[in-house]
Amino acid sequence: MTEAIAVAGAALAWLGVTLLAVAEGRRGLALGLATAAGGLATAAAAAGQPPLGVTALLAGGLAAAVLRLRSGGRGWNILPPGSTPRLMAALVAVLGAGLVASSEIASPAGAARVAGLVVAALALARILTTERRWAALGAGSALALGLGTLGGATGLVAGAAVAAGLGAIDGAEAAEAGG
Amino acid sequence: MPIRDLALHVVALLVYPGALLTIAVGAAAEAACAVALGAAGAREALLAPAGQVRTALRRPGTLRLTVPLLAVLAATQLAAPLNPVSPVARNLLVAAIALAAAMWLGWVTTWAPDASRATLLVQLCWLVALVTPALISESLRPQALGAVVVPAQLPLKVAAGVLALLCLPGLLRLVPAEEPATSRLFLWLPLCGLLTSVFVPPGSEDVAGAIRFVAVTLGVAAAALGLAVLAGRVRAAADLYPRLLVPAAAVVLAIGVGTSLLT
Amino acid sequence: MITARAPWRLPVPAPALLGLAAAGAATLALVVAAPLLPFGDGLRLTAPGRVLLLASAVALGLTIVLAPHRVPRWELVAAGLGALGGQALLLAVADPLAVAILLVLVGFAFATRPSARPFSARARGPAFAAVLLGVGWTFVRMPGPAWVGRAGALALALGLVAAAGLVPYLAEVDPDEPASSSYVAWTGFFGPALALTLPGRLLTSMSAADAAVFGATLVGLGLVNLAWGTVGAWRTATDMDAWRYSFLVDWGLALVGIGLFGRDGFAAAYLAFVALVLVRLPLYLWARPALLGSRPARLGPLNVLLAVLLAGAAPFSGFPVRLLVLNVATQAAWPLAIPLVAAMLMGITYAMRLARTLGEHRGLAAIGLWVVLGISLVLGVLPGVLRAVAGL
Amino acid sequence: MPLASLLLPPVLLVVAALAGWVMGRAGVAGGRLAAAGGAWAAIAVLAVAWFATGRTPLEQSTGTTIAGAPLILRFDAVTVLFWLAVLVPAALLLTFQRRSSGEAGMAALATAAALGALAAGSLVVAAFGLATCASLVLVLRCTDELGALRAFWPALTAAWLLLAWTAVLLQATAGTSAYDAVPVTALGVPLLVLLALAALLGSGLVPWRSWISDAWDGRRLEAGTLGVALLVPLGFAPLVRAYGMGGGQLPSALAGLVLAALGVAAALGAAIRAQAAASRRGVLAEAVPFAGGMVLLALGVGTPLGMVAALTGLAGVGVAAGLAPLAADRRGPLSAVAIAVLAGVPPALLFGAWLLGLQAALEAGELAGFLAMAAAAAWLLALAAAARAARLPLAPPDAEEAPSRAGDAAGVAVALAGGVGLTALIAALSIPAAAEVMPPAARAVQPVVSAAAILAPNTLAVGTASGGWAAALLGGPLIALGLAGQVVARALARRDGAGERPVLVVEPAGGVEPLFEPPLSGLPERFVAALRSLRTPEQYRSILQPAMLERAAASGRPWLWIAATVAMAIAVTR
């Protein structure tokens, strides 16, 4: 049963980070971030991570998602023209993670790890390719959550804290000049 | 006894085989030179050395003083019988370097590139002639080198002796014949005496031996003068000199290497 | 830290600076007081880490007070405190994965500093390094085929290199960009903190085979950076780039030292990093006015002395580092010392050039330059004391 | 007292340096006096400390470290000889050359650093000392044209790096680089090659024009020539100690012969350059390389007599380094005598030392004997160059001439005194120093270096198996006669009312053509130029562009980062 929940959580996390990767609007990005956080939290919980850490991860992810709604592109703007490469990357990422962790994908811990790796990889891909400050910050939060899932309680809490902390940074491009 | 040793060395420097003998032999040689090369009359020939000494005294600069001092130092290294300098303290290289320095310092004021090149070439060949036998005998004591009569080393000794003799006209600047420099007067004895010391077996340690040494040295000087006259008469010889010395030096070196391999 | 003339720059809001300073100071206090706190195990400053933190604090104080600046010092104090807090965290956090995560925070926070380059471009380096470290750490601990462990070890080594912005992960440095905003701060301030503490913590969890890959990668990249830095600093057209390359040279020596795993190797890296923070970075800041053309370059006696320092000759801080690296390389495989000696020799090709850019300073700035020189002299003559303090 | 004796001379110089610096700051012109005083005081303290305290060697492991290595200091006859070889010229130059207070302070500091380096008890400390001294000299020379430093800095940096590498190699093989603790077998031929390379670069002993001659290229001579006086002995020191580490011999006799051949080549090169020099400075610039070459010949011979000759020659190098700069930029009899002395005219110290070296080579066998003949030929060439120097202009047109009448007189006096006192010098310094690095074998009763084999019994003469030289008995009277003659000459000149007519003052009518053009002249420059002109072949330029690679890495989207990472991942996971 836990295996199925873990795999479902991993799938949800992948869906969320894919959404984050293909969203060019603040709402789409926030939704993707929240979904990824939920998926990661589910997978982590199924993998037997401490409830406190799991809760912190979820809270951090949600907080980051909510904070990201403050600035960025308007609306949802999911899958704008030119998103195909990002979709392909999302598929490749999940295949790659599966290849690496094939031996333990069946176990809840393995599934959670795959979820973390996929989220981290796709979030990084987003950071490396975007020119927008708010998108980079959102991807940064996702990256922190993904990396956090790869560790124990410390990782989960650290990931959550960093994700929320990045959410607190103003994403408005105007701040570029000022800062 | 340092004081006694010091006194003996001062005598060697000032009297025998130093300054006095050097000037005497030099004066005789210069007189002969004036006759043979300058075609001067007997009177002028006899007065020529006196003139040179007078010039030296009238214009004694630091460097002009250095030349006779170095020449005299070289003379003290000769294997002359009754030489107050102990045989173990004599050294062929001391004489050679002192003489080379005296030659250069003596000719500073009349420096001419071509003549200097020729002098350098002759000096190098002369060095080969003096040092190659010393290498084989592993000794720099003139009297020890002169006394070498080992059959295996005789070819080298003869060849080096001939080369050294051939070098003398160039070292004394007799070829090409030049206006006699004052410094030359002081070079005759040490140059010719060194050849006598290194290549002629030493005589007995008495007056007869000393006379024999001086006589042989004068003979060597005469031979050098003869060679100069010959070079003056035979144009081909003058043209070939001193380049002729280079192959000769190479031959001496080759014999030296051969001897060192054989012995 | 010094900030270059930046016409595009708008004043940074005071509350933001105050927040940054408060956060930095609080983090610093937390790290220092961690042993007394219940969760102290998670924050452990190693002895070398403590020394580097102290050295960084001294360097910050020195540069804030004495270096030539064009921005208000209170802003520099705030930025400095923030940076020091970040460095303290990177030094103290015991869990490598947490370090990777914190790297994201520090990287993104640093990217908010004033700059002409876009935020996202400046956040890429730390993010890339964080992923390499996180993924690498996961791989080396993950049961599975051997290649996964090797890949993990490689990723960890690359993560260290990427965080410092070395070859092949060079980051763009805008000449007009303030040092407190440019990637030089990663190469000369945050990078050393990671490279000094992480290897020790990582190696304890690695198999011998993975550790070999980790070490070999560091040695290889160390030599590459040494060569790249030396030739680059010599041949590059601009003095600014020459300075940047000179950082690579120090890093190259340090990476070779770490990668060879010897006690002397770690000591060499430790001394190199302390010198990087306490000597080269401040000197770079003193050179900024000449690099930006606001002060003429010149070659006086002090500059020549600084050239000697920058070339790594005795009696300054570069000498013991070179001696130790040569020692450990010779013990590992003597031919390794040949490229090292060659690179050390080529250090003179750019040292004079760098020293010239330090120009002539008066007043406080001149005193600061002499102080840096003195520090380098102490590091060069008495590195034993520093090693003893760090237990190396 | 021993440790104090070891520390006091450098400390005196450091104090003098500080005094000079303070005076410089205060605008008081007493720095030069302080530096000179410090140097002369250091000589006095050294003499007292060594000769009055029983001449007992001291190896002091201070328990502290320097640059991370144990600080081991050694104070023995070798140290004393080297210190004198550095201090005497340094004292002469600090006394008679023009310097500002600041420059004098820095010069004194550099001298102190040189003493420290020479007192090193291990190779690693020696490397640290050499690097430190070279650094200070570089600062001293910063007033020179950078061109004059082109050869200096690379050569000295390579020297200390090679020395440091030799030290770590020794530590790796023998566990230590301390001269006394290194096992006799540890210093093999490869290590000797590194050590010798370091020594040759450090002391500028190469057949072509080295940093020593370049030191004379600057407008001013002060900084460069002091550097020569300090660094050339520093370069030799590890090579001399190598004998000590090898139990009195080099790991291979052939290596010794190669060193000797290099020495002859260096001397010959210096003589050839001297005879082709365009100014008198150019001739004097070759005095130290020539003397150094002669020392290397004797050192390479490797016999006890060779070592004694080399160590005596080192004192000669010191005299040459002190005298040559002081004899520059002046005409007149004294300057002419100085040049003659530097060319090895008897009875000066250089003559005696070189003579001993040639005898050592001659006694070492035919092969070394032929090297001796080549060295003697170089000597003749040097004499010719000295004679030619009389007709040369003093210095290049842009040079800042700094004549020093008292200076060259003092230098000549030291050289002649050293020549007359050659026997004493050998007995008191060279033989004990040689015995230090050539100890008797384990159970041997007879010392390897025996005074009886070098000094004639019951006389003041040097007397070896191949020949002798009554330095005091012939040299002393010769100098007395020379002085007397000079007095008479002056009296006669005064009587004639003509004043002294200095024979060697021959105002040059244009340049004097050399005896022959130096072969391979400018070869190193051409080699460097060829290296500089090396470019990537056209067909590879498109793929070998580091700048382009860097642009790709640093700017825009980091595809190169990803590519590099993937490539390395594939490499390690295959």
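Note on naming: letters A, B, ... go to the chains in the order of the sequence lines (proteins, then strands), and numbering restarts at 1 for each one. Just so it is clear, the structure is predicted and the values come from calculations on it, not from any experiment.
Taking both residues in full, the closest heavy atoms of B:L65 and D:Q486 are given as CD1-N, 3.4 Å, listed atom of the first, atom of the second, then distance. Across all non-hydrogen atoms, the minimal contact from B:G256 to D:F370 is C-CZ, 4.5 Å. Contact detail for B:V94 and D:G468: the closest heavy-atom pair is CG2-O, 4.3 Å. Annotation for B:A100 and D:L383: closest pair CB-CD1, 3.9 Å, computed over non-hydrogen atoms. Across B:E138 and D:G365, no two heavy atoms sit closer than the pair OE2-CA, 3.6 Å. Contact detail for B:S139 and D:L362: the closest heavy-atom pair is N-CD2, 3.9 Å.
Contact tally against chain D (heavy-atom pairs below 4.5 Å) for B:L73, B:V10, B:L14, B:V72: the top residue is B:L73. Interface check for chain D: of the options B:I136, B:V88, B:L140, the most heavy-atom pairs under 4.5 Å are formed by B:L140. Contacts with chain B were tallied for D:L474, D:L481, D:V345, D:L381; D:L474 has the most, counting heavy-atom pairs under 4.5 Å. Between chain D and the residues B:L93, B:L13, B:I97, the largest count of heavy-atom pairs under 4.5 Å involves B:I97. With respect to chain D, the highest number of heavy-atom pairs below 4.5 Å among B:P87, B:S86, B:A89 belongs to B:A89. The most heavy-atom pairs under 4.5 Å with chain B, out of D:G463, D:A386, D:A376, come from D:A376.
Interface residues of residues 118-132 of chain B toward chain D, defined by a heavy-atom distance below 4.5 Å and sorted by number: B:L120, B:Q123, B:L124, B:L127, B:V128, B:V131, B:T132.
Heavy-atom distances place both the backbone and the side chain of B:S260 under 4.5 Å from chain D. Of the atoms belonging to D:W469, heavy atoms from both backbone and side chain fall under 4.5 Å from chain B. Within the 4.5 angstrom heavy-atom criterion, only backbone atoms of D:P514 (N, CA, C, O) approach chain B. Contact of D:F351 with chain B is made through the side chain alone, with heavy-atom distances under 4.5 Å.
No side-chain heavy atom of D:E366 sits less than 4.5 Å from a side-chain heavy atom of B:V257. Looking only at side-chain heavy atoms (C-beta outward), B:L70 and D:P346 come within less than 4.5 Å of each other.
B:R141 places a side-chain N or O within 3.5 Å of a backbone atom of D:A465 that can act as its donor or acceptor partner.
Between the CG atom in D:L473 and the CZ atom in B:R4 there is a gap of 11.5 Å [rounded to 0.5 Å].
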Show every donor-acceptor pair shorter than 3.5 Å between a side-chain atom in residues 352-359 of chain D and any protein atom, with sequence neighbours excluded, or say none if there are none.
unit_1, atom_1, unit_2, atom_2, d
D:Q359, OE1, B:N91, ND2, 2.8
D:Q359, NE2, D:T464, OG1, 2.7
D:Q359, NE2, D:S466, OG, 3.2
D:Q359, NE2, D:G467, O, 3.0

